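Not measured: the values here are computed from a predicted model. Chain letters run A, B, ... following the sequence lines, proteins first, then strands; residues in each count from 1.
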Amino acid sequence: MGDMTGPILEPAATAATRGREIRLEGIAKRWGGTTALGGVGVTVPAGSFTALLGPSGCGKSTLLRIVAGLEDPTAGRVLIGGEDMGARPADKRDLSMVFQSYALFPHLDVAENITFGLRTRGVPRAERRARLGKVADLLGLAPYLDRKPAQLSGGQQQRVALGRAVISERPVCLMDEPLSNLDAKLRQSMRAELRALQRSLGFTMLYVTHDQVEAITMADQVVLMNAGRIEQVASPHDLYERPATTFAARFIGTPPMNILPAAALGATGARLETAAGRALEIGIRPEALRAGAGPWRMQVTGGEYHGADALVEGRIGEAPVLMRVPGQSLPVPGAALRLALDPRDLHLFDAGTGDRVDLPGLAQLIARPEDPAGATGAHAPHPNRKDP
Amino acid sequence: MTRRKDWIWGWLLIAPALVFIFLFTHYPAVMTIGESFWSTPRGGRPSRFVGLHNYERLIHDPTFWQVLGNNVLYAVVTIPASIVLAMVMAVLVNRPFRGRALARMAFFTPTILPLIAVANIWVFFYLPGFGLIDQILGLFGIGQTNLLGSTATALPAVMVVSVWKEAGFFMIFYLAALQAIPPQLVEAARIEGAGRWTIFRRITFPLLMPTTLFVSINAVINAFRLVDHIFILTGGGPDNASSLLLFYIYETSFRYWDTAYGATLTVVLLALLCLLAIGQFFLFDRKVHYR
Ligand SMILES: Nc1ncnc2c1ncn2[C@@H]1O[C@H](COP(=O)(O)OP(=O)(O)OP(=O)(O)O)[C@@H](O)[C@H]1O
Ligand SMILES: [Mg+2]
């Protein structure tokens, strides 16, 4: 493997590779009766690493192929670096792409595969050789240059596909689940390498994945999609901390966020609904649920030991919930836990639309001492509250 | 013990196939080679061993050389022509467009038509005076032709029919091969800035090489196996101008009943085909990419 810490290509190359912004405006794609994309608008900032995340079949690949020019949108515009790409075919868009299947040319050896784009664009042989040398060193492919793709391991093939994408130093690089064929360990190390490569070359990366861990760990910005629409565009931190919809809340995090009808929190829930003026659902992450001296009760129904931690299955009111606890403190089924809730850990969603609701004064509403959830003597303040 | 039993079972199982192969392929071939060293039995004269006499006769037979020349010319022209045409047609109908199924069928039709029908259609095209070609030429004020009847044009006229028929057949193989090429390869090439021609030259064509090898071996064999068109179109004439090797063998053996000389010609044809097949394998082997 190449040295990923030092400067990778020449500074001149880095300047030439400075990324371009991708702007999508109202992109729709229909095939006969099926709608793959229904009006997608998003901006991918220049030089950013943006992950396109969503469940299978939500239209990620379709969107990527529209950006690449391999597919025409039914409606909407693609702008790269401020220029409308409408009339430009794939070979004139000045971008590179890594396919999920790698799409290496089976009859060409590794060197020819990597330099294919340079040849079609008429780069002189000497320069091709020089650039190939650098990229091969960088990706640790130097010993394999005269092999055919069939004679390489999956990880090596993947690096060849990567080499073909980065050698031409285009300002935009598209990747469609490039790591999905690799085993867990290789995937982990390739994640770090890809990220480092993108940082050092400075191109704009649009990266499709259905793996939330990949998106969260690699991206500057995550575009979360669902059924042909965008659910949320946010940094990984905000996506986790402030999910915009119940879909986003359930999609990010393992295990997913508990979403309860407000009624499960008894009078507290009713109070929140009155304050918000609509029916609410309340989200709380398993890792945010804590036993404590609060007025809420959780009936334990089961548990799963995971080693470092454990998952407690239970109910709050009628709603099933999961709670993450340290591994050694798994409560027995049948026990009733008292819970403490930090208002900052609560996410409120409109029960009808699923959209996030931000309620000013949430902390006061939660902190009210009367105890409608049925427990008596639950007047103690929350032990781990830091805000007033 | 069981080893030996397996062995016997194995032989028993392939025995029927072997018997038929020996009976109907190897035995006649060997007999033919043997026969070429004997004379043709005629009337009261029985067959006798004549050594290389038949081969000597062959070397001095101007008709043999003419027919061989015809055959080589025929192969050199029709094989590349039908392969190139097949490839072009396959690439054309592999892209999505309206009426694609119809176009594919049209290209393939000549192949599924019975030979007699094909030849009769072309006889009509070539018919002096009334044929389609003459009628079209007539519109431009060009007089009557006799394409099948003159020594200069008889062989080319037969070649056109062959290319017309073979190309559709080979197209099917190319079409199948094209569909086996993952579309991502073409897409990846496009992203890398390759235009249509570059994609064909650097991706599609090399990936079709195994098919080209297969098709061209078939084409060579077909080129030396052709008799049926000639029967109907020209009967080998005029003056052997459109006669090919196998047709000459047929005439020698079954019209003039000179079976020994027919056997000699057959041996030469077999040797020729073997050489060609071996040569092709070695020539292509280096250039063909097998996955
Ligand atoms: N050529 C096509 N014709 C018709 N429908 C298509 C076509 N390509 C994709 N679709 C449909 O469009 C939708 C989106 O497909 P797409 O491939 O973009 O999903 P994806 O998000 O990439 O999923 P995955 O994570 O499984 O790759 C799917 O419902 C799919 O069935
Ligand atoms: Mg996909």
Side-chain angles (χ1 to χ4, degrees), chain A residues 31 61 64-71 85 88-109 112-123 128 148-151 157 160-170 172-178 206, chain B residues 83 87 90-92 94-101 173-217 280-291:
Chain A
W31 274 288
S61 298
L64 201 70
R65 292 169 58 79
I66 286 172
V67 174
L70 296 174
E71 211 87 69
M85 292 286 136
R88 262 207 245 176
D91 50 323
K92 300 269 160 33
R93 292 200 176 184
D94 205 17
L95 42 78
S96 55
M97 181 160 175
V98 175
F99 291 76
Q100 178 168 356
S101 55
Y102 310 150
L104 301 179
F105 306 121
H107 58 296
L108 301 180
D109 65 27
E112 289 169 322
N113 260 289
I114 293 178
T115 55
F116 184 90
L118 299 183
R119 267 186 75 168
T120 58
R121 291 188 158 87
V123 175
R128 288 205 306 259
K148 295 276 169 68
Q151 298 165 311
Q157 289 181 11
V160 177
L162 224 55
R164 188 172 64 187
V166 299
I167 195 168
S168 42
E169 295 165 1
R170 310 280 166 65
V172 170
C173 185
L174 312 175
M175 298 199 180
D176 194 350
E177 309 201 22
L206 188 53
Chain B
I83 287 181
M87 212 183 269
V91 169
L92 283 181
N94 192 39
R95 285 180 303 177
F97 61 91
R98 285 176 62 124
R100 182 170 72 167
F173 292 100
Y174 278 117
L175 202 53
L178 281 174
Q179 285 170 0
I181 297 178
Q184 289 94 322
L185 293 188
V186 172
E187 289 175 353
R190 274 178 69 195
I191 298 260
E192 292 300 326
R196 258 199 208 143
W197 172 241
T198 311
I199 291 175
F200 179 78
R201 197 171 47 85
R202 298 209 49 213
I203 309 294
T204 317
F205 184 75
L207 289 175
L208 288 178
M209 267 320 236
T211 311
T212 303
L213 173 64
F214 172 79
V215 161
S216 59
I217 287 176
Q280 255 175 335
F281 263 114
F282 280 106
L283 177 76
F284 273 93
D285 215 22
R286 259 171 284 147
K287 290 190 198 152
V288 172
H289 164 77
Y290 283 105
R291 253 171 283 188

A165(A) versus V98(A), closest heavy-atom pair with distance = CB-CG2, 3.6 Å
Closest heavy-atom pair and its distance - R190(B), I199(B) |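 Closest pair (atom of R190(B), atom of I199(B), distance): CG-CD1, 3.5 Å.
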Please state whether the side chain, the backbone, both or neither of L174(A) comes within less than 4.5 Å of a heavy atom of chain B.
->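 Neither part; nothing is under 4.5 Å.
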Contact class of F116(A) relative to chain B, heavy atoms under 4.5 angstrom |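 Both parts, heavy atoms under 4.5 Å.
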Relative to chain B, which of M97(A), E112(A), Q100(A), R121(A) shows the most heavy atom pairs under 4.5 Å?
->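 Most heavy-atom pairs within the cutoff with chain B belong to R121(A).
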Looking at K92(A), R65(A), R93(A), which has the largest count of heavy-atom pairs under 4.5 Å with chain B?
->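 Heavy-atom pair counts peak at R65(A).
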Euclidean distance, R170(A) CZ relative to I191(B) CD1, rounded to 0.5 Å | 9.0 Å
Salt-bridge contact E192(B)-R119(A) (side-chain N to carboxylate O under 4.0 Å) |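 A salt bridge is absent here (no side-chain N lies under 4.0 Å from a carboxylate O).
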